[in-house]
Amino acid sequence: MFDSTRHAQQVDAVFALAPVIPVITIAALEDAVPLARALAGNGLPVLEVTLRTDCALEAIARIAAEVSEACVGAGTVLSAADLAAVERAGARFAISPGVTEALYDAGAASGIPLIPGIATAGELMRGLERGWRRFKFFPAESSGGIGALKGFAGPLPMARFCPTGGIDAAKAPAYLALPNVACVGGSWMLPADALAARDWARIGDLAREAAALLR
C-alpha cells in the first residue's frame, strides 16, 4: 500500500537540500561527473538528469557512484519501465512531466519517490486522490505560473510543488516566495555555450548564485 506520509517526507527531504533543482540533459557521457561536481560543489546538490539522451542512464549511474555530494535523480520518466530503469541506475528520485494511472501504480510500488507532473486543478485532484502530496508543476510559465499556484493554494493547501518550465534567475524568487512552493527547477545555470566549452567554473558560479536564492 502506498504510504503517502512517508512519500511526502522523502520528497521534502530532497526539496529541502536546495532552492533550485538543475534540469540537466547530458549529451556526452564524459561530462556527467564534472558537471555534477560543478553543480553539487557550489550549492546545488539535487540534480535532475533527464532521460532525453542515450547516455542518460549511464550518466545517472556514474554520478551516483562518483559524486557523493550529489543527490541525483531522473527526469522525463514516462513509464513504469523508465521508473524501474532509473532506480536500477542509482537515481534517488524520479520526476515525470505528466502522469498516467500506470505510472501512479508503478510509483506506489517503487523503491524511490516519484514526483509526478501536473498542470491543472483536475490533474492535481487526481494525484491527491491517489495519495500524492508533492508534485512537479509543469510547464509552469505556460500553465498559469504564479497565478495558478496561488489558485491551487486556497482549495488544495496540502499540496506542495517544484514548478519547472520557463523559470529563470529573474523569475525564480517570486515562485520561491509562495508558501506552497518548496523549490524550483530550471536550467538557466547551464547555458549552452558554457556546456559546449565545458566551462565548469562558469557553471559553478551560476550554480552558487542560484543556491543563494531565498525561499
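Count residues from 1 along the sequence.
Here Asp12 pairs with Arg134 under the side chain to side chain donor-acceptor pair (under 3.5 Å) rule; sequence neighbours left out. Taking Thr76 as the reference, Arg52 meet the side chain to side chain donor-acceptor pair (under 3.5 Å) condition, with sequence neighbours excluded. Checked against side-chain contact (heavy atoms from CB on, under 4.5 Å), Gln9 has the following partners two or more places apart in sequence or in another chain: Thr5. For Glu69, there are no side chain to side chain donor-acceptor pair (under 3.5 Å) partners, not counting sequence neighbours. In this structure, Arg92 has no side chain to side chain donor-acceptor pair (under 3.5 Å) partners at least two apart in sequence or on a different chain.
Legend: ring pair (Phe, Tyr, Trp, His ring centres under 6.0 Å) pairs involving residues 94-116, not counting sequence neighbours, sorted by first then second residue: Tyr104-Trp132. Among residue pairs with one or both ends in residues 112-123, none qualify as side-chain hydrogen bond (donor to acceptor under 3.5 Å, both in side chains); sequence neighbours excluded. Annotation: side-chain hydrogen bond (donor to acceptor under 3.5 Å, both in side chains) contacts involving residues 35-50, sequence neighbours excluded, comprise Thr25-Thr50, Asn42-Arg208. Applying the side-chain hydrogen bond (donor to acceptor under 3.5 Å, both in side chains) rule to pairs touching residues 186-197 yields Asp193-Arg202, sequence neighbours excluded.
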Let me have the donor-acceptor pairs involving side chains of residues 174-181, under 3.5 Å, with sequence neighbours excluded, atom names and distances please.
{"residue": "Tyr175", "atom": "OH", "partner": "Glu141", "partner atom": "OE2", "Å": "2.4"}
{"residue": "Asn180", "atom": "ND2", "partner": "Leu149", "partner atom": "O", "Å": "3.0"}

Exercise for the section: Go through the steps for Leu206 and Leu44 under the test side-chain contact (heavy atoms from CB on, under 4.5 Å), then give the verdict. Expected result: CA-CA 10 Å; Leu206 292 169; Leu44 298 183; over 6 Å; no
Before you tell me yes or no, could you show the steps for Val184 and Phe161 under side-chain contact (heavy atoms from CB on, under 4.5 Å), namely the whole-Å CA-CA distance, both residues' side-chain angles and the distance that decides it to 0.1 Å? CA-CA 8 Å; Val184 300; Phe161 303 92; over 6 Å; no
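Closest non-hydrogen pair, Pro113 versus Gln10, comes out as CB-OE1, 4.0 Å. Closest heavy-atom contact between Leu114 and Gly107: CD2-CA, 4.0 Å.
Between the side chain of Ser143 and the main chain of Pro139, a donor-acceptor pair closer than 3.5 Å is present. Judged by distance alone, the side chain of His7 and the main-chain N or O of Ile112 form no donor-acceptor pair under 3.5 Å. One N or O on the side chain of Thr53 and one on the backbone of Ile26 form a donor-acceptor pair closer than 3.5 Å. The backbone N or O of Cys183 sits nowhere less than 3.5 Å from a side-chain atom of Arg160 that would complete a donor-acceptor pair.
The hydrophobic side chain of Phe138 is isolated, with no ILVMFWY side chain under 4.5 Å apart from it. In this structure, Phe15 shares a hydrophobic cluster with Val11, Val14, Leu17, Ile21, Val46, Phe93, Ile95, Ile115, the cluster being traced through Ile, Leu, Val, Met, Phe, Trp and Tyr side chains under 4.5 angstrom apart.
Summarising the local packing, CG of Asp3 is surrounded by more than 12 heavy atoms from other residues, nucleotides or ligands at distances under 6.0 Å.
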